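All remarks here apply to the structure that follows.
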Amino acid sequence: MYLDLDLHFSDGVSQAFHSISSASSSPQVLTFSVHHAAPGFFPISEHSGLSDPSSPSFDPFVLSLPLERGASNATFARVWPIIDRVKNAFRPDYVVVQCGVDGLAGDPYATWNWSLGAGDGNLGWYIDNICRWGCKTLLLGGGEELNVELILLSVKADIEVIGGYNSPNVARAWTYFTSIAVKQSSICMRSTTLMVRMVAQLDHPLSLEADIPDHSAFPLYAPSFILDVPPGNTQDQNTAEYLQHAENVFAQITETIRDRVGTPEARA
Ligand SMILES: [Zn+2]
């Protein structure tokens, strides 16, 4: 299962796996993109709208859930059960999470209003929930200044150049995600990065109130100089009606996936 939480639609991956020719079979891969979509917003794709089971091009294993501007922790908390039910229906062995952090408050895109902490639905809460699924998990994402790798017994975090354009916040986010992922695993480190080696020695997630340590980039972390990326004041434009509609659509899709995948015995 490929789960894309980046602000932008997973156009290349979705296109690569999209198929309407195998209506009765169960593909090996399910892709699910949660993103922002609007006229003129990159990338333009025929697949970036809300998945529509009535469409001739519908593929229940290439899923799309666009969210409006200002998407907040409250909206993501409501979206989470949709993702969780899709995962339970598909029953993946492996989960690849594209976790670009350009949806965080403070990113130059200034589109969503996601935060690292501050209540259910935050991005750290998502990473924690995903790691608790118990699947072998690959976390992708990060920003242009990070290139670190963790090899964990059940969680691998490979941080590359994808999504997240406020570099201090990207570093904050991936430090926090690493501390969450490490908590979920016995680890075998293969990283040359001091930050990751230090985080891996923790036996619990970092506190979001943790001070940023003094280093050459320290001034970039002003004015808070702590780990947290709090929400901003952007109004959440995702209405209860839209989210209810999305829940209804995905309830139908989840049943389709369950029918196609079959029971554990049949799948084996
Ligand atoms: Zn992005």
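Order of appearance sets the numbers: ligands from 1, and atoms from 1 within every ligand. Values below: every heavy atom of this structure, side chains too, minus hydrogens, waters and symmetry copies. The model shown is predicted, which means the values in this text are computed figures rather than measured ones.
- Asp102 and His8 share a donor-acceptor pair across their side chains, judged by distance under 3.5 Å alone.
- Checked against the Zn ion (ligand 1), the N, O or S atom of Asp102 at the shortest distance is OD2.
- Partners of Pro56 under the side chain to side chain contact (heavy atoms under 4.5 Å, CB included) rule, at least two apart in sequence or in another chain, do not exist in this structure.
- Looking only at atom types and distance, the side chain of Ser45 has no donor-acceptor partner in the side chain of Asp11 under 3.5 Å away.
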List the atom pairs, donor and acceptor, that lie under 3.5 Å between side-chain atoms in residues 215-223 and the rest of the protein, sequence neighbours left out.
| unit_1 | atom_1 | unit_2 | atom_2 | d |
| --- | --- | --- | --- | --- |
| His215 | ND1 | Pro213 | O | 2.8 |

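- Considering just the N/O/S atoms of His8, the one nearest the Zn ion (ligand 1) carries the name ND1.
- Distances from the Zn ion (ligand 1) to each N, O or S atom of Asp6 single out OD1 as the nearest.
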